[in-house]
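For reference, the structure discussed in these notes is given below.
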Amino acid sequence: MNQNGDFIIETTDLKKTFVSKVKGKRNEVEAVKGVNLTVNKGEIFGFLGPNGAGKSTTQKMLSTLLTPTSGTVKIVGYDLSKNQEEIRKNIGYVSQAGGSDQAATGYQNLILQARLYGLDEKTAENNAKDLIKHFQMDSFADRPAGTYSGGQLRRLDVALGMTHNPQLLLLDEPTTGLDPQSRAYMWGQIKKLKEKGVTIFLTTHYMEEADKLCDTIAIIDNGTIITKGTPTELKNSIGADTVVLGFASDDVAEKAEKILLKNFVDAKIQREINILHLQIKNGDGAVPNILRLLDTNNFSAQSITLSKPSLDDVFLKYTGRSLREDKE
Amino acid sequence: MKLLQDIKLMFIRNVQHTLRNPIFMFLSLFQPLLYLFLFMPLLKNLGGTPGLPAGETVEIFIPGLMVMMALFGSAFVGFDLIDDIRSGVIERFLVTPVSRSAILWGRVLRDASVLLLQVILITIVAIPFGLNVKFEYFLISLPLYVMIAITMASMSYAFALMYKTEDALAPTINTITLPVSLLSGILLPLTLAPLWLQNLAKVNPFSYAVNASRALFTGNVGGPDILIGFVIVFLLMSIMFYWSIQELRKIEE
């Protein structure tokens, strides 16, 4: 009823300037310098960028935690400047710090959270039990959250964000500091939420996470969005993929090279004894054609691998630096 | 209605938090008890000096001790809030539709309850030492201590929200509480003080609280001291609580 189109988040020229006084002097820091973004209903949207790029600031504005300096935000069908109460009822937010009460048990945390959203005691109890089941927290829900492992704590944090069954869940760096196993588990949980119809907006600085999890990615740097698209689109924008073909002998490889060159005019081919490296656009579309072509000419490749440009390459292209070096 | 419900939820949450480690609640009784056992006896022989009528030293000292407990007991509660800010608990609350002021109401009411419990315990302990206070006057004095506790707690929370770090909070609170307590005649009545000190104490709102507290315990309820004390503490409490809410809202700026 209040939904406008299919966008669950729509921002126009969203800005945030922090003003502080240092030794009596006004000091302005433009953390977010005009962000325009749209997030589709039901997708996992990844907000990617180095530390200090404006990811968390943008996300805090979306979650009603920070008042924008200027610009408009339409989120879950409401205007951020007018309907904060309604927005709060319809979104969940999990900060990087987590936000669970360490001294209380997971169960107690979930009960209070539900009651803050206006659920009565009985409903809150059932709700907590459901969440404990869904996030597989049965074995530790009755222990104080302070005793949890990193992965267990994250599960509680996300469960707290999902307490009121929001249509949009904002996650700030949901897997930072987790071991690979817990990270994979968390990815699974996030995908499950998507299947339930929840839109996920997450910030991350892990390329692999953005790549594996997200339907759409926007890269933010220095407070502005540099590029946006599906992981595949972004990687395709880099240029060519690499297809590596292995043959039984260098002889066969040489003959195959000639045929491939004739048929894939755009490709660059390099031969290393019995291995061919093809630089080719849209590699996954090309692989079946390559195989068919080799087949009709009675060459059979013994191995074939397709390697795509990574999001690291994407980041490097658009920001001029690698995300991994942003530690300074 | 929603505000009351939110305050109730937050109050229960904070009380549970305190009850998980009740030892600290009683540990903070240790200091006033020491004053009671090791300091109050000294006053008996001072009875008869100005402001310390003989035979009323206990009724002069205990109400001061109550104000001291209210002042110091609640002054450091901001540390607990910094913990909650750091672990993201406050942010999590702010994202829910919970009323902003309930987040602080729930805390100051908890702090006031702890103080109330301590005041009652100290009073019971003081009776064998000869404390002789009319029950109804004692009851009337309780809201005064509650308001002082809320004042100090609000101030502590406001500083905590402003600094967000313990390093700055501790020295600030210490800098404020010591002069405030020395200039309120808590341990000895200011009638013993030289005139300049008495005048200086007049700018300290808590000196009026001590006067009101003493008027109730000694049964001198005829004068204006009680009303003045209540009004000043009430105004100060309102200002401090309002300030703490402003600081909480600033998180969202």
Side-chain angles (χ1 to χ4, degrees), chain A residues 16-20 56 59-69 83-105 108-109 111-121 124 144-146 153 156-157 160-161 163-164 166 168-170 172-173, chain B residues 1-25 77 79-107 110 161-165 168 246-253:
Chain A
K16 181 70 196 177
T17 308
F18 292 106
V19 181
S20 60
S56 296
Q59 205 178 34
K60 279 187 179 170
M61 287 193 275
L62 296 178
S63 58
T64 75
L65 271 175
L66 274 179
T67 313
T69 308
N83 294 316
Q84 296 207 348
E85 284 291 296
E86 287 304 316
I87 292 170
R88 286 186 183 125
K89 284 180 200 159
N90 286 288
I91 63 162
Y93 168 71
V94 181
S95 74
Q96 213 172 325
S100 51
D101 194 335
Q102 303 288 298
T105 68
Q108 289 169 329
N109 267 290
I111 295 282
L112 175 63
Q113 182 81 346
R115 305 235 41 210
L116 292 179
Y117 280 101
L119 271 61
D120 63 56
E121 240 173 293
L153 203 55
L156 173 60
D157 295 340
L160 286 168
T163 293
H164 51 302
L168 171 68
L169 182 64
L170 301 135
D172 194 3
E173 306 266 357
Chain B
M1 251 341 272
K2 180 178 177 297
L3 177 66
L4 288 182
Q5 172 70 9
D6 285 348
I7 291 174
K8 191 182 113 195
L9 291 171
M10 284 299 171
F11 175 71
I12 293 172
R13 182 244 169 193
N14 289 303
V15 168
Q16 282 175 342
H17 197 79
T18 303
L19 291 180
R20 278 188 201 108
N21 285 307
I23 183 78
F24 293 113
M25 214 171 17
V77 291
F79 286 94
D80 200 38
L81 180 59
I82 288 178
D83 242 20
D84 275 353
I85 296 172
R86 193 166 292 143
S87 58
V89 173
I90 296 301
E91 265 192 358
R92 172 164 66 87
F93 289 159
L94 288 173
V95 178
T96 72
V98 73
S99 147
R100 316 283 95 169
S101 65
I103 296 174
L104 289 168
W105 271 121
R107 299 186 98 95
R110 182 266 320 260
L161 288 161
M162 198 162 101
Y163 294 142
K164 300 181 187 72
T165 134
Q246 293 311 305
E247 288 297 332
L248 181 67
R249 287 189 202 280
K250 269 193 199 156
I251 290 187
E252 297 177 281
E253 267 175 15

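In what follows, chains are A, B, ... by sequence order, proteins preceding strands, each numbered from 1.
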Using a cut-off of under 4.5 Å for heavy-atom pairs, which of [options] has the most such pairs with chain B?
options	result
A:S63, A:S100, A:S95	A:S100
A:Q96, A:K60, A:Q102, A:K89	A:K60
A:E86, A:Q84, A:E85	A:E85

Find the distance between [atom1] ([X]) and [atom2] ([Y]) and round it off to the nearest 0.5 Å.
X	Y	atom1	atom2	value
B:R92	A:L65	CZ	CG	12.5 Å
B:R13	A:D101	CZ	CG	4.0 Å
A:T105	B:R20	OG1	CZ	7.5 Å
A:R115	B:T96	CZ	OG1	13.0 Å

Contact origin within [X] toward chain B - heavy atom pairs under 4.5 Å:
X	answer
A:L160	side chain
A:L66	both
A:Q108	side chain

>> I want to check something: taking the side chain as every heavy atom from C-beta on, are B:F93 and A:L112 in contact at a cut-off of under 4.5 Å?
In response: yes
For B:P97 and A:L116 the tightest heavy-atom approach is CD-O, 4.0 Å
Cut-off 4.5 Å, heavy atoms of chain A, and the answer for B:I251 is backbone
Heavy-atom cut-off 4.5 Å, strictly under: side chain, backbone, both or neither for B:E253 against chain A?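 Backbone only.
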- Query: If you count the non-hydrogen atoms of other residues, nucleotides and ligands that lie under 6.0 Å from CD1 in B:I23, is the total more than 12?
  - Reply: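 Counting neighbours around CD1 of B:I23, 12 or fewer heavy atoms of other residues, nucleotides or ligands fall under 6.0 Å, so no.
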query = Taking everything shown except B:K8 itself, do over 12 heavy atoms lie less than 6.0 Å from its NZ?
reply =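 Not buried by this count: 12 neighbours or fewer within 6.0 Å.
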- Examine distances only and state if a side-chain atom of A:T67 and a backbone atom of B:E252 form a donor-acceptor pair shorter than 3.5 Å.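 Present.
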Legend entry - Stepwise side chain to side chain contact (heavy atoms under 4.5 Å, CB included) check, A:R88 with B:V98: CA-CA 9 Å; A:R88 286 186 183 125; B:V98 73; over 6 Å; no
